[in-house]
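Read the structure below first, then the notes.
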Number of protein chains: 2
Amino acid sequence: MSVTLADVAARAGVSAATVSRVLNGNYPVAGSTRSRVLRAVDELEYVVNGPASALAAATSDLVGVLVNDIADPFFGVMASAIQSQIGPAGDHDAEAPHGQKMAIICNTGGSPERELTYLTLLLRQRAAAVVLTGGTVEDPDHLGALATRLRRLEAGGTRVVLCGRQPLTAATDGAAPGGAHGPVPGPEEDPGPAPVALTFDNFGGARRLTGHLLDLGHRRIGYLAGPAARTTTRQRLDGHRAALAAAGAAGGEAGTPEAERLTVHGGYDRASGYDGALELLRREPGLTAVVAANDTVALGACAALRERALRIPEDISVAGFDDLPFAIDAAPALTTVRIPLHEAGARAGRLALGREEAPAGRTATLPADLMVRASTAPPRP
Amino acid sequence: MSVTLADVAARAGVSAATVSRVLNGNYPVAGSTRSRVLRAVDELEYVVNGPASALAAATSDLVGVLVNDIADPFFGVMASAIQSQIGPAGDHDAEAPHGQKMAIICNTGGSPERELTYLTLLLRQRAAAVVLTGGTVEDPDHLGALATRLRRLEAGGTRVVLCGRQPLTAATDGAAPGGAHGPVPGPEEDPGPAPVALTFDNFGGARRLTGHLLDLGHRRIGYLAGPAARTTTRQRLDGHRAALAAAGAAGGEAGTPEAERLTVHGGYDRASGYDGALELLRREPGLTAVVAANDTVALGACAALRERALRIPEDISVAGFDDLPFAIDAAPALTTVRIPLHEAGARAGRLALGREEAPAGRTATLPADLMVRASTAPPRP
DNA sequence: CGTCCTGTAGAAAGCGCTTACTAACCGCGC
DNA sequence: GCGCGGTTAGTAAGCGCTTTCTACAGGACG
């Protein structure tokens with residue numbers, strides 16, 4: 001510590017400016033000078049003072065990544081992919097090049113307030129970019145506050161990328177399958193260009209998944225939804241109901257008692273699946289299938305059903321969503337919908353760094369493919 | 001952006017110094033002045049310039065967290081717990097208090113080089129603290145470089161905490177069950193105080209786990225080890241062999257052909273478990289139990305065994321390690337060893353912030369409790 | 001009534017770096 | 001021999017904040 005640019009300069013017999021230029025490589029420096037400086041840097045084990053250079057250059061090497069829950073592999077996988085694009089690349093060299101970015105992963109716990117707090121903190125750090133992952137609360141107040149923060153970030157030169165989330169207010173648009181909306185202005189104020197967004201086809205995936213169950217012959221299908229008023233939850237639920245409605249099956253029409261009865265809202269955790277499955281069974285003992293908001297919930301549901309001595313899939317089918325790594329290893333292997341988390345994260349990371357062109361319309365929707373495995377089968381006659 | 005302290009000062013009719021003092025609350029300011037300043041801050045939507053204040057105050061709000069693989073719940077859970085102590089607390093308020101810390105989660109991918117790179121980057125940022133999670137490579141060169149980096153960090157005022165890792169060179173000490181070593185000086189140079197460390201009782205947990213299988217009557221037990229030359233891998237393997245040796249069972253003596261034959265090294269991922277189980281079966285068709293380096297590997301092994309038409313636990317027992325959330329939902333529920341990841345992370349976070357006293361001897365070993373579930377049973381006669 | 005605290009606020013000197021702007025030097029053509 | 005572009009290096013002015021030191025009230029006190 002306390003070895004400064006000036007020390008290096010003195011040792012190399014040049015001015016501080018020259019050292020800075022060698023290190024940043026953004027100005028012609030004679031070869032001999034350059035190597036003299038580099039040697040001094042090495043001998044003194046000089047490490048730049050990040051804050052100082054961020055202040056002087058008015059840019060920082062920090063990239064913020066907001067996630068709901070880093071302990072959840074859904075976010076873990078995305079975060080890992082994002083970081084793989086941002087952090088140090090190969091392992092060939094322990095030296096950290098100048099201008100090397102670092103990701104700050106912020107755990108919001110799904111709390112809108114904390115999300116805003118983190119955005120303020122990132123603004124304070126003058127982050128180079130911010131990636132918001134996963135769905136969000138559909139509360140207009142929150143969305144408004146969010147839009148304001150993001151606008152301020154962008155005004156300050158921070159690149160904003162949404163990964164797995166609708167472009168802001170478009171989130172309240174109902175369940176549009178395609179998802180490719182244009183920018184929608186927030187309340188008052190100039191919206192500026194909408195942040196670039198990568199969204200998942202939750203609606204389409206859910207519709208195909210429930211369609212698969214309907215094709216197998218299921219008609220009494222329970223749904224374990226995630227927390228209410230969140231975009232991801234609603235898109236998946238809407239897809240599910242759209243499939244039911246198209247087949248004229250029970251629960252297809254939102255708001256009807258039938259639909260309410262076959263839907264239980266909970267969290268995205270295992271316990272919600274466990275409790276929710278029991279509740280569904282209580283409400284509708286004749287259930288032949290359960291669709292969960294995600295794989296974790298599905299696993300919890302499986303546990304509950306097994307305790308009730310129901311065999312999967314002989315007595316009851318179960319399906320998840322996301323295709324997290326453990327889905328294929330469940331017994332029986334879980335039928336689910338694959339979300340390209342890794343691809344999405346990697347692409348978001350590149351977009352955040354400006355290393356990839358923004359998609360046309362500033363929004364791209366990634367596919368959600370049905371993965372049929374062993375946890376779903378035709379209902380018993 | 002571009003609203004500076006001076007702007008706020010002008011608006012409030014005070015000097016910049018006063019505004020700084022109000023914001024930092026570390027100097028007496030008259031109530032009336034204080035509220036005038038706060039109003040100005042509010043009206044101007046002023047946000048401190050983090051780099052500038054870090055430079056002037058020579059401290060930063062950044063805390064580095066190094067993990068091997070953030071997509072792995074083992075690290076995800078710890079990272080989440082660490083952050084819960086460091087990041088914004090309640091959701092009562094969207095305002096970010098001054099001095100609010102942020103965690104930078106760095107994904108090393110298990111690469112020693114990348115670990116060093118990140119440490120340099122953190123040094124550059126003048127991080128307030130650094131938490132290194134999980135085991136490490138046992139290569140003396142790497143350990144030396146690591147010790148040097150950590151010493152430099154500590155010299156610069158960065159607090160260093162190890163979470164789930166032996167205090168540096170103690171890592172090469174053989175499999176000491178207690179783990180409470182004193183500081184061991186690195187090669188040359190003054191060691192200074194060893195970083196505070198929270199370690200897991202991998203050895204003891206593994207020994208109890210294998211002991212459980214032996215008690216059930218198993219004698220031909222295969223072991224799916226993690227990557228060679230990593231502390232966690234070796235401690236668990238050593239514990240396993242210690243239990244075997246104590247019972248006089250096959251494979252208890254390291255280095256013997258028997259021990260080698262019953263051990264397969266791989267990664268900590270699902271595929272390694274799958275491949276490894278098949279390999280074990282090939283080497284020893286009479287296997288009655290498989291112990292895996294962690295739960296993820298165990299799940300992969302289960303998949304492979306099931307494909308070979310072996311029933312768990314009737315035909316073959318399987319055990320994991322860590323007790324990750326999904327272990328209890330495996331079918332059958334996985335017998336494993338519970339590692340208090342959340343508690344460890346939370347405590348490490350508090351230690352990093354200096355909000356908790358370092359344990360006596362600067363090292364505390366956390367218990368690893370055996371969780372007997374349904375995937376283990378007596379072998380068939 | 002002058003002095004000495006105590007409580008508040010301002011002036012100003014950096015923190016370590018970047019980056020115009022300026023200066024020196026070189027070889028060149030006229 | 002002199003002025004001139006082209007290189008390469010140095011000078012110095014900040015970047016926006018913290019913090020020491022100084023200044024100035026207004027009581028309390030002798």
Side-chain angles (χ1 to χ4, degrees), chain A residues 1-38 40-41 44-62 98-100 123-128 156-157, chain B residues 1-38 40-41 44-62 98-100 123-128 156-157:
Chain A
M1 229 48 152
S2 83
V3 175
T4 70
L5 243 207
D7 298 332
V8 177
R11 172 124 193 166
V14 299
S15 72
T18 303
V19 178
S20 167
R21 300 201 262 245
V22 167
L23 259 22
N24 292 296
N26 52 7
Y27 195 87
V29 173
S32 62
T33 315
R34 147 179 246 86
S35 55
R36 206 147 26 96
V37 167
L38 289 178
V41 165
L44 264 33
E45 298 194 301
Y46 171 68
V47 173
V48 205
N49 182 316
S53 83
L55 171 58
T59 64
S60 100
D61 299 336
L62 272 16
H98 279 71
Q100 174 63 61
L123 186 57
R124 179 182 303 178
Q125 295 296 340
R126 306 305 195 250
Chain B
M1 231 45 155
S2 83
V3 175
T4 70
L5 242 207
D7 298 331
V8 176
R11 173 126 192 167
V14 298
S15 72
T18 303
V19 177
S20 168
R21 300 204 259 244
V22 168
L23 260 22
N24 291 297
N26 52 6
Y27 195 86
V29 172
S32 62
T33 316
R34 149 178 243 86
S35 57
R36 208 147 27 96
V37 168
L38 290 178
V41 165
L44 263 33
E45 296 193 302
Y46 171 68
V47 174
V48 205
N49 182 316
S53 79
L55 171 58
T59 65
S60 100
D61 300 334
L62 272 16
H98 279 71
Q100 174 62 62
L123 186 58
R124 179 182 303 178
Q125 295 296 338
R126 305 305 195 248

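Hydrogens, waters and symmetry mates are skipped; everything else that's a heavy atom, side chains included, is used. Order of the sequence lines fixes the chain letters, A, B, ..., with proteins taken first and strands second; residue numbering starts at 1 for each chain.
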Side chain proximity check, B:Thr18 to B:Tyr27, heavy atoms < 4.5 angstrom: no

Pair of N/O donor and acceptor under 3.5 Å linking C:dA20 base with A:Tyr27 side chain: no

Measure CG/A:Asp61 against P/C:dC17 and give the value in whole Å, please. 14 Å

Using a 3.5 Å distance criterion without hydrogens, assess whether the side chain of A:Ser60 forms a donor-acceptor pair with backbone atoms of A:Arg126. yes

Please report the distance, rounded to the nearest Å, between CG in A:Leu44 and C1' in C:dG16. 15 Å

Side-chain atoms of A:Ala17 come closest, of C:dC17, D:dG10, C:dC15, to D:dG10

Atom of B:Arg124, atom of A:Val48 and distance for their closest heavy-atom approach: CG-O, 3.3 Å

Measuring from the side chain of B:Val29 (C-beta onward, heavy atoms only), which nucleotide among D:dC17, C:dA9, C:dT19 has the closest atom? C:dA9

Rounding to 0.5 Å, atoms CG (B:Asn49) and OG (B:Ser2) come to a distance of 11.0 Å

Which nucleotide wins on minimum distance to the side chain of B:Ser20, given the candidates C:dG16, C:dT18, D:dT19? D:dT19

If you define the side chain from C-beta out and look only at heavy atoms, does anything of A:Arg36 sit under 4.5 Å from A:Thr33? yes

When the nearest nucleotide of DNA chain C is assigned to B:Arg21 and to A:Thr18 on a heavy-atom basis, which residue is associated with the more 5' position? B:Arg21

Candidate nucleotides C:dC17, D:dC15, C:dA12, ranked by approach to the side chain of A:Leu55 - the nearest: D:dC15

Of the listed D:dA9, D:dG14, D:dC17, the closest approach to the A:Thr33 side chain comes from D:dA9

Out of C:dA11, D:dT8, D:dG16, which nucleotide sits closest to the side chain of B:Ser15? C:dA11

Given D:dC17, D:dA9, C:dG16, the nucleotide with the shortest approach to the side chain of B:Tyr46: D:dC17

Look at the side-chain N and O atoms of A:Asn26 and state whether any lies under 4.0 Å from the OP1 or OP2 oxygen of C:dT19. yes

With a cut-off of less than 4.0 Å, is there a side-chain N or O of B:Asn49 near OP1 or OP2 of D:dC15? no

Applying a 4.0 Å non-hydrogen cut-off, can you work out what A:Ala30 is touching in the nucleic acid: base, sugar-phosphate, or nothing? sugar-phosphate

Roughly, in whole Å, what's the span from CZ in A:Arg36 to P in D:dA9? 8 Å

To the nearest Å, give me how far apart CG (A:Leu5) and P (C:dC15) are. 13 Å

Assign each of B:Gly13 and B:Ala57 to its nearest nucleotide of DNA chain C by heavy atoms, then name whichever residue's nucleotide is nearer the 5' end. B:Gly13

